[in-house]
Number of protein chains: 2
Amino acid sequence: MLMIKRGFEPEKDNWSLMGGFLKQDESLDDAAERILEELTGLTGVYMEQLFAYGDVNRDPIARTISVSYYALIKVDSYNKELAKLHGAKWFTVTQHPSLIFDHEDMVEKALGRLRRRTRTEPIGFELLPEKFTIPQLRSLYEAINQTEYDPRNFSKKLHSMKLLTKLDEKDKSTSRKGAYLYKFDKNRYEELKASGFNFGL
Amino acid sequence: MLMIKRGFEPEKDNWSLMGGFLKQDESLDDAAERILEELTGLTGVYMEQLFAYGDVNRDPIARTISVSYYALIKVDSYNKELAKLHGAKWFTVTQHPSLIFDHEDMVEKALGRLRRRTRTEPIGFELLPEKFTIPQLRSLYEAINQTEYDPRNFSKKLHSMKLLTKLDEKDKSTSRKGAYLYKFDKNRYEELKASGFNFGL
DNA sequence: GCAAAAGTGTTCACACTACACCCATGC
DNA sequence: GCATGGGTGTAGTGTGAACACTTTTGC
């Protein structure tokens, strides 16, 4: 997860999720996209509204309603200069500094939503580069769901969906043998979705 | 679903979901409960936040952010006087007049959420009286999920969960033979939930 | 006695789980 | 040649789906 050191009071210099204020002429979705772009330079990434927070005293200075969103970002494809400028830093979900206000709850909700989503939609692919290996995909799902998958069962199920196109390339960065690279077959996915389909890994 | 005839412009006299304005000193949850009580007299019912709507022109008169909630109400246990006073009326989900603004989308989201919830939590019981029969429960789930369940499989699964307490009473209002009444065993449910449990019907 | 809904058991297919060995390669 | 991670098949088990007949009782 990408977090920032808050630049103003209250809670200045403590860790926080990235956020900003809604403008008069923009929708909630637009605001979320704008704020993500300002901090990471990214556009067009997977993003979803989570929950509206409205407790009266959640911000000690002013009455504030926050609408939380979560986005899925490929770790290596954001603008590091922008992130540095805002004091942003990556942490693992299992080990991160404590967060201000109710942001901890936002993280909980985001994780829960992400886990449920991965059971019905193949959004895991949003977090991987265009070409990826099966072991990469597997360890991503293991991180999301904090569990381990049997390599044989995992690839069996994956192949039975026929959602991946095998390439003639190998990724040799993690083993001597090398693992085949695959691409996500978007057309095939649209077909399957249209005919009512469940993506459970 | 319970809908009201809107009493003010814009869209005066058209059908709408019930709504109201957030006060300075109340949380979103508090506001939702207050508004439900004002219109139906009900308190302490199952209620859940759904989604925040923030498109710039969704209300043609003023910039408005709406946070939608859905509640589960036992059809026969609300205050009919209050409802009448506000011009409220019940409709079935499959046949209702068209709704103002983005309220149609709110209904879609509520239905989707309700369907997903019934797979992991026994919230269907929130919609039934304290004592109910298996056929009643079954037809409720058939209405929620717009499908039909095999009576044998349905009650088999239900009994295997051991969440219901069979009473020595019968409900004879729908058949000559009469159907046994059951109660939901809340203690048993808490036990099961604590030990990680999935309620799929 | 008949109509109408309630109640109940068995079989089959498929999906999920568990599990162990060979392969390719760089060093 | 050996260490390291990648890749694959099978057998057993449990869960979900399909399916038909008997029971009760008010009229």
Side-chain angles (χ1 to χ4, degrees), chain A residues 115-116 118-120 122 124 128-129 131-183 192 195-201, chain B residues 115-116 118-120 122 124 128-129 131-183 192 195-201:
Chain A
R115 281 174 190 147
R116 285 190 299 275
T118 57
R119 265 169 243 145
T120 52
L128 290 173
K131 300 174 184 180
F132 53 88
T133 67
I134 305 248
Q136 269 172 31
L137 184 64
R138 180 157 46 85
S139 61
L140 170 64
Y141 274 82
E142 288 177 345
I144 291 174
N145 294 315
Q146 289 292 301
T147 182
E148 297 206 347
Y149 294 99
D150 182 291
R152 288 160 292 191
N153 294 338
F154 189 85
S155 53
K156 199 195 317 169
K157 207 162 173 183
L158 205 48
H159 285 126
S160 76
M161 296 180 190
K162 300 188 172 159
L163 276 171
L164 301 188
T165 313
K166 191 175 187 171
L167 304 178
D168 267 339
E169 278 174 88
K170 280 193 166 189
D171 169 32
K172 294 212 173 181
S173 63
T174 52
S175 78
R176 309 202 196 288
K177 183 177 177 182
Y180 280 104
L181 287 162
Y182 288 81
K183 272 172 110 167
L192 282 174
S195 64
F197 167 69
N198 189 305
F199 186 85
L201 268 182
Chain B
R115 280 172 192 150
R116 285 190 298 276
T118 56
R119 265 169 243 146
T120 52
L128 291 172
K131 300 173 183 179
F132 53 88
T133 67
I134 307 250
Q136 270 174 30
L137 184 64
R138 180 159 45 85
S139 60
L140 171 63
Y141 273 82
E142 288 177 344
I144 291 174
N145 294 315
Q146 289 292 301
T147 181
E148 297 205 348
Y149 294 100
D150 182 289
R152 289 160 290 192
N153 294 337
F154 190 86
S155 52
K156 199 194 317 169
K157 208 163 173 182
L158 205 48
H159 286 126
S160 75
M161 296 179 191
K162 300 188 171 156
L163 276 172
L164 301 189
T165 312
K166 191 176 188 172
L167 304 177
D168 267 340
E169 279 174 89
K170 281 193 165 187
D171 169 31
K172 295 213 170 177
S173 64
T174 52
S175 78
R176 309 202 198 288
K177 182 179 177 180
Y180 279 104
L181 287 163
Y182 289 81
K183 274 172 106 167
L192 282 174
S195 63
F197 168 67
N198 189 305
F199 186 84
L201 268 181

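Order of the sequence lines sets the chain letters (A, B, ...), proteins ahead of strands, with each chain counted from 1. Heavy-atom basis, side chains included; hydrogens, waters and symmetry copies ignored.
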Practice task
Tell me, please, which residues at least two apart from A:Tyr180 pass ring pair (Phe, Tyr, Trp, His ring centres under 6.0 Å).
Solution key: none
Separation of [X] atom [atom1] from [N] atom [atom2], in whole Å?
X        : N      : atom1 : atom2 : result
A:Asn153 : D:dG12 : CG    : P     : 16 Å
B:Glu148 : D:dA18 : CD    : P     : 12 Å
A:Lys170 : D:dG6  : NZ    : P     : 10 Å
A:Leu158 : D:dG6  : CG    : C1'   : 14 Å

Handout entry: Outermost nucleotides of DNA chain C that come under 4.0 Å of a non-hydrogen atom of chain A
Key = C:dC16 to C:dG26
Side chain of [X]: nearest nucleotide among [options]?
X        : options              : value
A:Thr174 : D:dG6, D:dT24, D:dG9 : D:dG6
A:Lys177 : D:dT8, D:dG7, D:dA3  : D:dG7
A:Pro135 : D:dG16, D:dG9, D:dG7 : D:dG7
A:Ser175 : D:dG7, D:dA17, D:dG6 : D:dG6

Practice task
Give a yes or no on whether B:Lys162 atom NZ has more than 12 heavy-atom contacts from other residues, nucleotides or ligands under 6.0 Å away.
Solution key: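 Atom NZ in B:Lys162 is not packed in, count stays at 12 or less.
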Handout entry: Over 12 foreign heavy atoms within 6.0 Å of NZ, A:Lys183
Key = no
Handout entry: Touch class at under 4.0 angstrom, heavy-atom based, for A:Lys172 against every strand present
Key =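 It contacts sugar-phosphate atoms only.
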Handout entry: Atom pair CG (A:Leu158) and OH (A:Tyr182), whose distance is rounded to the nearest 0.5 Å
Key = 8.0 Å
Practice task
Report the residue (B:Ala179 or A:Lys156) whose heavy-atom-nearest nucleotide on DNA chain C is the more 5′ of the two.
Solution key: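 Whichever sits nearer the 5' end wins; that is B:Ala179.
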Problem - A:Thr147 backbone acceptor or donor facing A:Asn145 side chain under 3.5 Å - result: no
